[in-house]
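Side-chain atoms are counted along with the backbone in the values below, which use heavy atoms only and exclude waters and symmetry mates.
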Amino acid sequence: MIRYLIKNNFKIMFRNGVNILLFVFCPIVVSAVLMSAFSSLMESYEAVPEFEVGYRFEDDGKYEDYIKYLEKAGEENGITFVQYDNGSPKKLIDEHELGGFVEFKDDTYKIYESDDAKVEGTTLEYMMSAFFNAAISGDVNDISINVKKPSFAPAISSTDYYGMIYIAYFGWCAIVCAAGLFSNEKKNKINDRLKVSNLSVAQLYIARLVPIVSVVSIGIGVASAVIALAFGVHWGNIALSAAIVFVSIVAATSFEMFLYELTGSMVATIIISFSVVWFAGFFGGSFETYMYATHPETLKLAMPLYHENRALVELSSTGSSPFVKSSLLYSGAIAVVASALTILVGSVRRLGK
């Protein structure tokens with residue numbers, strides 16, 4: 001009986017082909033637009049390269065004795081010191097694309113920073129301070145400065161980022177694909193008829209869950225393949241990425257079926273579901289890239305889409321991610337809890353009637 005019901009639900013869903021096509025075309029169109037719109041932003045996500053710094057002595061101060069050691073320390077840390085005897089520091093920075101400029105005078109020095117190279121300026125400030133603090137407390141020949149640079153995540157293009165992020169996002173909108181099925185059930189009073197059958201509430205739930213998850217997965221899978229072939233999106237570990245997306249689709253479907261069981265209204269279910277998904281996407285990196293987002297980390301971690309997005313992006317850029325496990329566990333927990341609650345609510349209603 002349950003196999004017949006699953007087969008029948010598949011037929012009903014495929015009759016509503018427009019809803020299924022949405023899961024193919026919407027991710028493709030939205031991803032394509034955002035890939036182009038944010039291409040320059042994503043290109044700037046890279047580590048700061050080596051840079052040059054200009055310097056000048058305004059008089060015969062003591063700092064001339066230190067310059068060869070300063071140059072050596074600079075070379076060890078990717079900073080090349082170049083002497084300029086004439087010209088305005090600001091003008092020299094702009095003309096020669098310097099990361100900064102140092103003027104030595106008497107027993108002091110003054111640092112000029114580039115307006116377009118704030119990180120280089122901060123690095124220069126740290127190095128100058130560390131160098132002369134070391135010079136004061138020890139032998140200049142023994143000075144060794146190690147400017148620690150923060151580790152940067154490998155650069156990822158807007159094509160890869162948005163090509164994967166919106167596959168995950170639209171997977172959480174699974175309820176749209178089930179609209180035709182639920183509408184048909186209500187129109188023909190299928191649930192009332194099935195209540196007199198030997199099928200349990202859990203079996204009826206599975207008979208809905210399996211076709212919805214399958215059809216949504218097919219639509220999302222086709223969209224992923226088209227995006228990868230048309231735009232050159234680089235998925236990381238394909239098997240792991242597919243598992244992450246699939247489990248999230250199961251979680252989304254389970255959660256949205258619970259909302260439908262609770263409200264009994266398709267309109268209310270879509271409104272509540274889309275509001276929750278939009279909120280999760282907003283803080284999870286679906287709109288503003290999570291690398292640049294300033295939201296509190298605890299708020300990001302509370303969103304299942306954040307774990308999913310991080311896992312997919314990092315699998316692509318580095319080949320591994322600690323968020324793979326958390327994404328699978330988070331989505332799996334949502335699926336289990338939502339399924340249990342849906343069956344519980346359905347059982348209570350059946351007993352009540």
Side-chain angles (χ1 to χ4, degrees), residues 34-159 161 285 287-297 317:
L34 294 178
M35 286 174 192
S36 175
F38 294 105
S39 59
S40 60
L41 174 66
M42 300 299 285
E43 285 173 0
S44 65
Y45 184 63
E46 57 185 15
V48 177
E50 297 181 356
F51 60 96
E52 292 186 352
V53 172
Y55 72 90
R56 168 190 303 142
F57 295 104
E58 291 295 321
D59 56 19
D60 297 328
K62 67 176 184 179
Y63 286 125
E64 286 193 65
D65 297 331
Y66 292 116
I67 193 61
K68 64 179 180 179
Y69 302 104
L70 180 61
E71 289 177 345
K72 179 182 177 182
E75 287 178 5
E76 293 172 353
N77 292 283
I79 303 173
T80 301
F81 285 88
V82 181
Q83 186 171 1
Y84 294 91
D85 295 325
N86 300 301
S88 164
K90 289 290 185 182
K91 188 175 181 180
L92 289 170
I93 288 174
D94 293 336
E95 288 180 351
H96 299 279
E97 298 182 350
L98 303 176
F101 196 95
V102 185
E103 270 190 349
F104 296 98
K105 186 175 182 179
D106 298 328
D107 293 335
T108 63
Y109 62 85
K110 182 177 181 180
I111 296 175
Y112 296 85
E113 296 182 15
S114 169
D115 294 332
D116 300 323
K118 295 296 184 183
V119 176
E120 288 90 332
T122 302
T123 302
L124 176 61
E125 285 185 10
Y126 169 78
M127 181 179 170
M128 294 294 293
S129 175
F131 179 86
F132 286 107
N133 284 338
I136 291 172
S137 59
D139 184 352
V140 71
N141 293 294
D142 296 328
I143 293 176
S144 178
I145 303 297
N146 179 25
V147 178
K148 294 184 178 179
K149 298 180 176 64
S151 58
F152 287 83
I156 185 165
S157 67
S158 62
T159 298
Y161 187 88
F287 311 126
E288 180 183 18
T289 57
Y290 64 75
M291 292 89 77
Y292 297 125
T294 57
H295 315 305
E297 189 69 14
S317 60

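The CD atom of E75 lies 10.5 Å from the CG atom of L70; values are rounded to the nearest 0.5 Å. In this structure, Y109 OH and F104 CZ are separated by 8.0 Å, a value rounded to the nearest 0.5 Å.
Taking 4.5 Å as the limit, some side-chain heavy atom of I79 sits within range of a side-chain heavy atom of F51.
Open room surrounds NZ on K110; 12 or fewer heavy atoms of other groups in view lie less than 6.0 Å from it.
In this view, E71 and Y55 satisfy the side chain to side chain donor-acceptor pair (under 3.5 Å) rule, not counting sequence neighbours. With sequence neighbours left out, the side chain to side chain donor-acceptor pair (under 3.5 Å) criterion links N86 to no other residue. For E103, the side chain to side chain donor-acceptor pair (under 3.5 Å) criterion is met by R56, Y112, not counting sequence neighbours. Scanning for ring-ring contact (aromatic ring centres under 6.0 Å, His included) contacts around F81 gives an empty result, with sequence neighbours left out. Every residue two or more places apart in sequence or in another chain that forms a ring-ring contact (aromatic ring centres under 6.0 Å, His included) with Y84 is listed here: H96. Contacts of E97 classified as side-chain contact (heavy atoms from CB on, under 4.5 Å), with partners at least two apart in sequence or in another chain: none.
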(request) Could you please spell out the steps behind the side chain to side chain contact (heavy atoms under 4.5 Å, CB included) verdict for L98 and E120? (result) CA-CA 9 Å; L98 303 176; E120 288 90 332; over 6 Å; no
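Contact between L124 and F101 at its shortest, heavy atoms only, is CD2-N, 4.3 Å.
With K90 contributing its side chain and E113 its backbone, the two residues share a donor-acceptor pair below 3.5 Å.
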